[in-house]
Asker: 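Got a structure here, written out as structure tokens. Questions coming.
The chains referred to below are lettered A, B, ... by the order of the sequence lines, with proteins before strands, and numbering in each begins at 1. Only this structure's heavy atoms are used, side chains among them; waters, hydrogens and symmetry mates stay out.
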Amino acid sequence: MTNSIAEIEDADVILITGTNTTENHPIIAHSIKRAVERGTAKLIVVDPRRIDLVDQANYWLRQRPGTDIAWLNGLLHWIVKKNLHDKNFIEERCEGFAELAAELENYPPERVEEITGIPAAEIRAAAELIGRADRASFLYAMGITQHITGTDNVKAIANLAMVTGNVGRWGTGVNPLRGQNNVQGACDMGALPNVLPGYAPVADPEARKTFAAAWGADKLPDTPGLTATEIMPAAHEGKVRGLYILGENPVISDANAGHAEEALRKLDFLVVEDIFLTETARLAHVVLPGASWAEKDGTFTNTERRVQLVRAAIEPVGNSFPDWRIIQRLAQLMGVRFDYSSPEQIFNEIRRVVPSYAGISYARIEREGGLQWPCPNIDHPGTPFLHAGGFKRGKGLLTPVKHLPPAEQPDAEYPLVLTTGRVQYHYHTGSMTRRCRSLNTLAPEAILEMNPADATGIGIADGDRVAVFSRRGSITTRAGITERVPPGVVFTSFHFSESPVNRLTNDALDPIAKIPELKVCAVRVEKT
Amino acid sequence: MTTTTAAEKKIIAVTIDGTPVGVPEGSTILDAAQKAGARIPTLCHHPSLAPIGSCRVCLVSVAGVDRPATACNTQALAGMAITTRSEGLFNLRREVIKMILAHHPLNCTPCPLNGDCRLQDMAYEYDLTTFDFSEYLLKTVEFPWKAFSTPILDYHPRRCILCGRCVKVCAEIRGLGAITMNGAGAHTVVEPVMADRESQSRCISCGECMRICPVNAIEERMGSAKGKPWETTKTQTTCTYCGVGCQLDLNVVGGRVVGVTTRDDVGVNRGRLCSKGRFGYTFIHSPDRLSRPLVRNAAGELEETTWTTALTLVAREFRRIRDNHGPQALAALSSARCTNEENYLFQRLARQVFGTNNVDHCARL
Ligand code: SF4
Ligand code: SF4
Ligand code: SF4
């Protein structure tokens, strides 16, 4: 997030899209709800599903899945047409407005209505609301990024925020809500194929030199590596032969999971480190028992860039070990001396090599209750919102983006669009929450949400067992008949290994971010 | 950092037990007393909720006013002279607490709050621990079993003191209004509100009502056996289930995590949690936890082994692949649920030891 969670309540207009906040970030959903109920904020929800926050929304724009660029451009088209854009901000802080404005010409509300199904009048009204707001905050999540146009979707949101001057001030911002607890931290720490910790490009010789010196390495690899979504095909082709998986379960979570499983089976050597024998661990040659979150010290960085402490409450269960100890020992056995005596010592090294973490220490987190990076020195209070005085690259670049239909379209054989997400009682592939009796009582199985218009035609009633087929695989699950989803669209979650929905999903990738199009694929549903 | 541009409030002067104190206009008598360091007992009051004023144990007297006032919901006005301690007030409060205890037997020995309970403290302070309630208890109602709004919480009408905090927290903080008070007088109970559609409860099982209940009338049904406050250690940590990063306390008894609690003034969540954060801890001691390394044996099955055997094998195989097929034949998938420190070490392992940038995590999924 460019801004903080606490700021959301101070926005005049909150736009949320591709985030079912009530289910995925419940505490943030409170803030939104409270701001709306207090009457200080107007809420715009853009989502194909009738998510809970629709009840609070001033406008609910129900787009067809995979048409986000069209409505985002449509909003901007109307804002510019009505002369509601922030000319000063654009002049002083941005570049590329002329090119963007030219592209926006192609998105008048009527055309946007044709593409997205959102009535032109609603596009105009929502656009005017945003254009007139003093402070607008834009919240999104995987519903925006998990498309082949994911990167462009995000650019379109950034365009909207910049053109309306809603960046770099309290209560505004482009605010992605991170799904897993430490996605932000894993990225910050360089668990990415193209950058070292602190986003230093691997291709930059200076950066490599700094890290090689810190680690006592002769040299570090200089070409960007494969992304998670490229590693699987590479394993399939035999290019990747050995894989070390830390606490992940791609057999359930990867798009086109059947293909991922085949790829894992082809490996010469697979090591999985986890706390349970997950579906993925079952395929491993060696399984290493890690300690759970309750058993280790360290830090997580939350979605608002706040670095917070994780503290061990108990000793590691059984003969398991915290992951850092296992990794360290393996490095030593492979001939490189990792020599850390505690997570705090590792963190202190991070502070030396990642400038935005330099001022954060365990003692300060303890005292001050978490610090938001960038925090360049020990006296720095941390940064609630980014880009206050300017963008890192100088001027904010406005990039024209174009609507592109999803990779897979429904047809006669697969007439419905499947979109996936989560329910609030479970986490990811469910390896932890499915083992919590309370949570599993609340949500014991996957439900396929289906509109009555689609269900009755093929004789499916609420609660029926159904089979779902896509070009890649099939699963069985239970139907829930509901108006939450529009006709033509079905929805389910990916927490349940009994109904592994990612056997169905499409692994077509966004060409830049390499994120698979988990939010749109074509399926057929049959009664079993 | 100022959040909003709320206009500075006017400061007014009052006296608390003869001590002058200045508070912003609009403050309650309770706020003023707290500022002056005077202790007034409260039960239904909670700092994150709007005043309820149902329990009436916070009675104080205001000079020139005949009837005592409830401090939690009476506004302090300029010049007010407030008395928080006197024999008269002691006796009044004692009567109020007596009525509460008539419906809430002091069954403290098996109660998990024993030793960390306001009501128990009050019973002691107001000399009610040996009081004979038989006269009152005659009027006590036998409650039938009551369903609560969620299958994972139990509601005990026999313990409920009808303070109304749970109803308030559900409506105010959760914005749901999933529970309400039904019935009259001693027959009043807290019950679920059914949503109009399909008669389903609006409840999302967040457990906020349980957190805020001062007397353990709402209880976790499937939690493990809890310990007493004095044998429980609380370790503050960060929730592992989403990017909000709520702060919570893992409650540990005898080396086992037995529950999750929160502190009202800590973290972005300020005491709130969702169902995952509050109830998602029992996997920790699941019998399915892996406790020893596993290695595939000659028959192709995973078999328990020692750390040395497992890690030596891993090191040898990764080295073999690297040396025979080049570093690009190795890859490492890190985890967005692991700590920063672990992610840092893991990418260092991939880059420096494996010699490849084939390292990524599941952010894209
Ligand atoms: S669990 Fe949460 S939603 Fe349900 S009644 Fe209690 S406070 Fe309300
Ligand atoms: S809630 Fe308090 S007063 Fe009531 S039984 Fe438990 S410890 Fe005793
Ligand atoms: S308690 Fe709920 S909202 Fe808070 S971090 Fe955990 S999962 Fe997220």
Side-chain angles (χ1 to χ4, degrees), chain A residues 5 26-27 33 178 180-183 185-186 189-191 193 202 215 217 220-221 225-228 231 240-248 253 269 285-287 289 293-294 298-300 302-303 308 310-311 313 317-319 323-324 327 331 333-334 336 343 346 427 432 435-438 515, chain B residues 152 175 205 222 235 237-238 240-241 243-245 250 252 255 257 268-269 274 279-280 282-284 286 288-296 310-311 314-315 317-318 321 329-337 339-345 347 349 351-353 357-358 360-365:
Chain A
I5 294 169
I27 297 298
K33 237 174 177 176
R178 306 293 190 167
Q180 299 197 56
N181 53 317
N182 201 29
V183 171
M189 293 302 111
V202 294
W215 298 339
L220 293 172
L226 302 173
T227 63
I231 287 171
V240 164
R241 291 164 174 267
L243 178 59
Y244 184 1
I245 300 182
L246 182 63
E248 285 306 325
S253 62
F269 197 64
H285 296 90
V286 177
V287 181
W293 134 92
T299 54
F300 290 156
N302 80 351
T303 189
Q308 308 192 100
V310 179
R311 295 182 183 86
V317 163
N319 201 7
D323 298 308
W324 70 271
I327 299 162
L333 286 169
M334 290 185 74
V336 179
I346 303 171
Y427 178 66
M432 297 190 282
R435 287 185 172 86
C436 292
R437 248 181 89 207
S438 296
I515 297 179
Chain B
I152 66 169
S205 300
M222 294 166 208
T235 305
T237 191
T238 305
T240 188
Y241 288 123
V244 177
L250 289 174
V252 175
V257 178
V268 289
N269 51 315
C274 76
F279 302 110
T282 46
F283 79 89
I284 296 167
S286 158
D288 297 348
R289 278 289 299 273
L290 291 170
S291 75
R292 288 160 59 81
L294 305 173
V295 166
R296 211 161 278 283
L311 285 177
V314 174
E317 284 298 299
F318 280 158
I321 294 170
L330 289 177
L333 280 181
S334 194
S335 175
R337 60 193 74 174
T339 63
N340 288 330
E341 292 75 3
E342 288 161 346
N343 274 287
Y344 179 82
L345 277 206
Q347 60 84 36
L349 177 86
R351 296 194 155 106
Q352 185 182 6
V353 184
N357 283 314
N358 293 342
D360 197 7
H361 67 287
C362 48
R364 296 174 175 82
L365 302 174

Asker: Name the option with the most non-hydrogen atom pairs under 4.5 Å to chain A; the candidates are B:A331, B:P293, B:S205, B:A315.
Answerer: B:A331

Asker: Does B:R292, at its CZ atom, have more than 12 non-hydrogen atoms belonging to other residues, nucleotides or ligands within less than 6.0 Å?
Answerer: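 Check passes, neighbour count above 12.
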
Asker: In terms of heavy-atom pairs under 4.5 Å with chain B, which of A:T299, A:V202, A:V336 leads?
Answerer: A:T299

Asker: Using a 3.5 Å distance criterion without hydrogens, assess whether the side chain of A:N302 forms a donor-acceptor pair with backbone atoms of B:V244.
Answerer: yes

Asker: Output the distance between atom CE (A:M432) and atom CZ (B:F283), rounded to the nearest 0.5 Å.
Answerer: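 With rounding to 0.5 Å, CE (A:M432) is 5.0 Å from CZ (B:F283).
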
Asker: Calculate, to the nearest 0.5 Å, the distance between atoms NE2 and CZ belonging to A:H285 and B:R296 respectively.
Answerer: 6.5 Å

Asker: Is B:N343 reaching over with its side chain to a backbone N or O of A:A186, donor-acceptor style, under 3.5 angstrom?
Answerer: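 Flag not set: sc B:N343 to bb A:A186 has no pair under 3.5 Å.
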
Asker: Please enumerate all residues that pass ring pair (Phe, Tyr, Trp, His ring centres under 6.0 Å) together with A:Y427, with sequence neighbours excluded.
Answerer: B:Y241

Asker: Does any heavy atom of chain A fall under 4.5 Å from the side chain of B:I321, the backbone, both, or neither of them?
Answerer: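 B:I321 touches chain A through side-chain heavy atoms alone.
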
Asker: If we define contacts as heavy-atom pairs under 4.5 Å, which of A:G318, A:G225, A:P221 has the most with chain B?
Answerer: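 Answer, by heavy-atom pair count under 4.5 Å with chain B: A:P221.
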
Asker: Please determine, among A:A191, A:A313, A:A331, the option with the most heavy-atom pairs under 4.5 Å with chain B.
Answerer: A:A191

Asker: Quick check: closest heavy atoms across B:A332 and A:L243, and the distance to 0.1 Å?
Answerer: N-CD1, 4.0 Å

Asker: If you count heavy-atom pairs within less than 4.5 Å of chain A, which of B:L349, B:N269, B:V295 leads?
Answerer: B:L349

Asker: Contact part of A:W293 toward chain B, heavy-atom cut-off under 4.5 Å: side chain, backbone, both or neither?
Answerer: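 Just the side chain, heavy atoms under 4.5 Å.
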
Asker: Please classify the contact between A:I5 and chain B as side chain, backbone, both or neither, with a heavy-atom cut-off of under 4.5 Å.
Answerer: side chain

Asker: At a 4.5 Å cut-off on heavy atoms, which part of A:I327 comes close to chain B: side chain, backbone, both, or neither?
Answerer: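 Both backbone and side chain.
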
Asker: Do any N or O atoms from the side chain of A:Q308 and from the backbone of B:G245 form a donor-acceptor pair under 3.5 angstrom?
Answerer: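 Between the backbone of B:G245 and the side chain of A:Q308 there is a qualifying donor-acceptor contact (under 3.5 Å).
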
Asker: Between B:S291, B:G280, B:S286, B:S334, who has the most heavy-atom pairs with chain A when the cutoff is under 4.5 Å?
Answerer: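 Option with the greatest count: B:S291.
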
Asker: What pair of heavy atoms forms the shortest contact from A:W215 to B:R351, and how long is it?
Answerer: CZ3-CB, 4.4 Å

Asker: Ignoring hydrogens and geometry, is there a side-chain-to-backbone donor-acceptor pair from A:E248 to B:L333 under 3.5 Å?
Answerer: no

Asker: Calculate, to the nearest 0.5 Å, the distance between atoms CD and CH2 belonging to B:E341 and A:W324 respectively.
Answerer: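 It comes to 10.0 Å.
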
Asker: Just verifying a value: how many Å separate B:D360 CG and A:T227 OG1, rounded to the nearest 0.5 Å?
Answerer: 5.5 Å

Asker: Nearest heavy-atom pair of B:V314 and A:F269: which atoms, and what distance?
Answerer: CA-CE2, 3.8 Å

Asker: Tell me the closest heavy-atom pair linking B:N340 and A:F300, and the distance in Å.
Answerer: ND2-C, 3.9 Å

Asker: How far apart are the closest heavy atoms of A:I27 and B:C274, and which atoms are they?
Answerer: CD1-N, 4.3 Å

Asker: If I measure from the heavy atoms of chain A, does B:T237 come under 4.5 Å with its side chain, its backbone, both, or neither?
Answerer: both

Asker: If you measure from CZ on A:R311 to CG on B:L250, what distance do you get to the nearest 0.5 Å?
Answerer: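 It comes to 11.0 Å.
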
Asker: If you count heavy-atom pairs under 4.5 Å with chain B, which of A:I245, A:D323, A:L220 comes out on top?
Answerer: A:D323

Asker: Given that the side chain runs from C-beta out, which part of B:V252 has a heavy atom under 4.5 Å from chain A: side chain, backbone, both or neither?
Answerer: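 Only the side chain of B:V252 comes within 4.5 Å of chain A.
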
Asker: I need the A:Q180 CD to B:T240 OG1 distance, nearest 0.5 Å.
Answerer: 9.0 Å

Asker: Would you call B:L345 and A:M189 a side-chain contact if the rule is heavy atoms closer than 4.5 Å?
Answerer: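 The answer is no, as the side chains (C-beta and beyond) never meet within the 4.5 Å cut-off.
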
Asker: Which heavy atom in A:R435 sits nearest to a heavy atom in B:T282, and how many Å separate them?
Answerer: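 Nearest heavy atoms, A:R435 then B:T282: O-OG1, 4.1 Å.
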
